[in-house]
*Asks:* 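To start, I am sharing the structure in question, which I have written as structure tokens.
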Amino acid sequence: MWAYNISPLQLALIMVATIEAVSLAGLFLTRRFILPHLRFHDGINDAISGAVQTVGVFYGITVGLIAVGVWNTHSNAEDVVSKEAAAIAALYRDVSGYPQPTREKLQGDLKEYTRALIEQIWPAQQEGRVLDVGTQLMDNFQSTLYSHEPTSPGQTALHGETLGAFNNLIGYRRLRIDAVAGSLSGVMWVVIWVGAAISIGVGYLYQIEDPRIHAMLVVLMAGFLGLVLFMIVINDRPFSGRNSIPPDSYRVILDHLIELRR
């Protein structure tokens with residue numbers, strides 16, 4: 001979780017610098033202890049280039065698909081947050097048509113739930129935790145809503161519409177909670193890091209007399225790889241850390257709808 005509690009720039013610098021340092025250390029050890037024991041011949045660099053291209057293509061496709069999937073996950077999480085906030089607004093407007101004291105109780109529960117999202121639930125999500133306070137508030141709201149008995153055709157139609165809006169809110173809330181703990185599996189991370197090591201390691205086998213040129217090639221490969229992996233990491237957990245999706249959508253509903261209508 002420490003990676004999500006620092007700025008993106010710091011994380012990018014740390015990841016790129018670490019990957020490049022490890023790659024250069026591996027190059028130094030390979031040139032010092034392995035390459036002197038290998039028998040090179042003319043055309044070996046062409047063979048190595050073919051291997052590098054093959055590994056790069058398959059690894060690039062794999063990492064590219066993972067990066068796209070992670071970005072889609074992040075975008076879907078933002079969409080769920082906007083939809084949950086919109087569902088709160090729609091439900092609040094629906095319950096505004098209920099008679100007292102039911103209306104005041106339902107509106108109060110929605111206001112308390114929205115405040116809890118901003119002040120309690122969101123900070124916990126940023127730490128990877130899910131609080132029960134939201135469930136308790138929704139249970140209280142549901143008990144009041146289900147116990148209401150409409151007394152006219154208009155109230156019956158409004159009650160049916162409100163039940164549908166409440167179900168929509170519960171659905172979006174469930175999707176958000178599921179996304180809090182969602183991330184790439186351990187198997188996927190093993191594939192990413194082992195594939196990265198193989199991609200860099202193949203480049204060690206080039207027969208290049210000047211170690212500085214060899215080091216520059218490895219640094220460029222490792223730097224680009226580090227940036228791609230940074231993009232995957234930063235988007236893998238959309239609700240974690242200081243760079244998570246903000247609760248601005250709920251704050252707008254609270255400030256410009258709920259507070260103004262009370």
Side-chain angles (χ1 to χ4, degrees), residues 1-75 127-128 181-238 240-244:
M1 291 296 299
W2 67 267
Y4 298 98
N5 292 318
I6 60 177
S7 70
L9 179 59
Q10 289 178 315
L11 179 58
L13 292 176
I14 289 173
M15 289 190 63
V16 172
T18 301
I19 292 174
E20 289 188 344
V22 172
S23 300
L24 288 175
L27 175 63
F28 172 78
L29 295 174
T30 301
R31 290 183 66 93
R32 180 74 178 271
F33 299 106
I34 296 178
L35 294 187
H37 300 285
L38 301 179
R39 301 178 62 182
F40 291 94
H41 56 79
D42 293 339
I44 189 64
N45 282 345
D46 293 336
I48 295 173
S49 295
V52 169
Q53 292 174 8
T54 301
V55 172
V57 167
F58 284 105
Y59 183 70
I61 292 174
T62 302
V63 173
L65 291 175
I66 293 175
V68 171
V70 169
W71 176 251
N72 286 336
T73 299
H74 191 279
S75 299
E127 299 175 358
S183 64
L184 290 176
S185 65
V187 174
M188 296 298 291
W189 280 116
V190 169
V191 171
I192 290 173
W193 289 110
V194 172
I198 293 174
S199 299
I200 297 297
V202 174
Y204 294 164
L205 300 178
Y206 277 112
Q207 186 183 19
I208 301 176
E209 296 296 332
D210 191 340
R212 294 171 297 181
I213 297 178
H214 205 169
M216 284 190 291
L217 292 176
V218 170
V219 164
L220 291 174
M221 293 172 60
F224 178 73
L225 189 60
L227 290 175
V228 174
L229 295 181
F230 160 74
M231 183 181 66
I232 294 176
V233 170
I234 200 66
N235 291 312
D236 185 35
R237 291 178 176 269
S240 297
R242 57 187 288 188
N243 304 304
S244 64

*Asks:* Specify the closest pair of heavy atoms between Leu38 and Leu205, including all atoms of both residues, with the distance to one decimal.
*Replies:* CD1-CD2, 4.5 Å
*Asks:* Which heavy atom of Asp236 sits nearest to which heavy atom of Val70, and what is that distance?
*Replies:* N-CG1, 3.5 Å
*Asks:* Can you give the donor-acceptor pairs under 3.5 Å from side chains of residues 207-215 to other protein atoms, not counting sequence neighbours?
*Replies:*
unit_1 : atom_1 : unit_2 : atom_2 : d
Asp210 : OD1    : Arg212 : N      : 2.9
Asp210 : OD1    : Arg212 : NE     : 3.2
Asp210 : OD2    : Arg212 : NH2    : 3.3
His214 : ND1    : Arg31  : NH1    : 2.8
His214 : NE2    : Gly203 : O      : 2.9

*Asks:* Could you give the distance from CD1 (Ile232) to CD1 (Ile66), rounded to the nearest 0.5 Å?
*Replies:* 5.5 Å
*Asks:* Which residues pass the side-chain hydrogen bond (donor to acceptor under 3.5 Å, both in side chains) test with Ser185, sequence neighbours left out?
*Replies:*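 Counting only residues at least two positions away or on another chain, Ser185 forms no side-chain hydrogen bond (donor to acceptor under 3.5 Å, both in side chains).
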*Asks:* What pairs of donor and acceptor atoms, side-chain ones from residues 15-29 against any protein atom, are under 3.5 angstrom apart with sequence neighbours left out?
*Replies:*
unit_1 : atom_1 : unit_2 : atom_2 : d
Thr18  : OG1    : Ile14  : O      : 2.6
Ser23  : OG     : Ile19  : O      : 2.7

*Asks:* Quick one: list whatever passes side-chain hydrogen bond (donor to acceptor under 3.5 Å, both in side chains) with Thr73, sequence neighbours left out.
*Replies:*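 With sequence neighbours excluded, Thr73 shows a side-chain hydrogen bond (donor to acceptor under 3.5 Å, both in side chains) to no residue whatsoever.
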*Asks:* If you take all heavy atoms of His74 and Pro238, which pair is closest and at what distance?
*Replies:*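 The pair with the smallest heavy-atom distance is CD2-CB, 3.6 Å.
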*Asks:* Heavy-atom distance under 4.5 Å between the side chains of Val233 and Trp189, does that happen here?
*Replies:* yes
*Asks:* Which value, rounded to the nearest 0.5 Å, describes the distance between Leu229 atom CG and Phe224 atom CZ?
*Replies:* 10.0 Å
*Asks:* With side chain to side chain donor-acceptor pair (under 3.5 Å) as the rule and sequence neighbours excluded, what pairs involving residues 45-64 come up?
*Replies:*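 Counting only pairs at least two positions apart or across chains, the side chain to side chain donor-acceptor pair (under 3.5 Å) contacts touching residues 45-64 are Ser49-Tyr206.
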*Asks:* Which residue pairs satisfy the side chain to side chain donor-acceptor pair (under 3.5 Å) criterion with at least one member in residues 217-234, sequence neighbours excluded?
*Replies:* none
*Asks:* Nearest 0.5 Å, please: how far is OH in Tyr4 from CD1 in Ile234?
*Replies:*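 Rounded to the nearest 0.5 Å, the CD1-OH separation comes to 7.0 Å.
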*Asks:* Pair Met231, Asn235 - check side chain to side chain contact (heavy atoms under 4.5 Å, CB included), show working.
*Replies:* CA-CA 6 Å; Met231 183 181 66; Asn235 291 312; 3.8 Å; yes
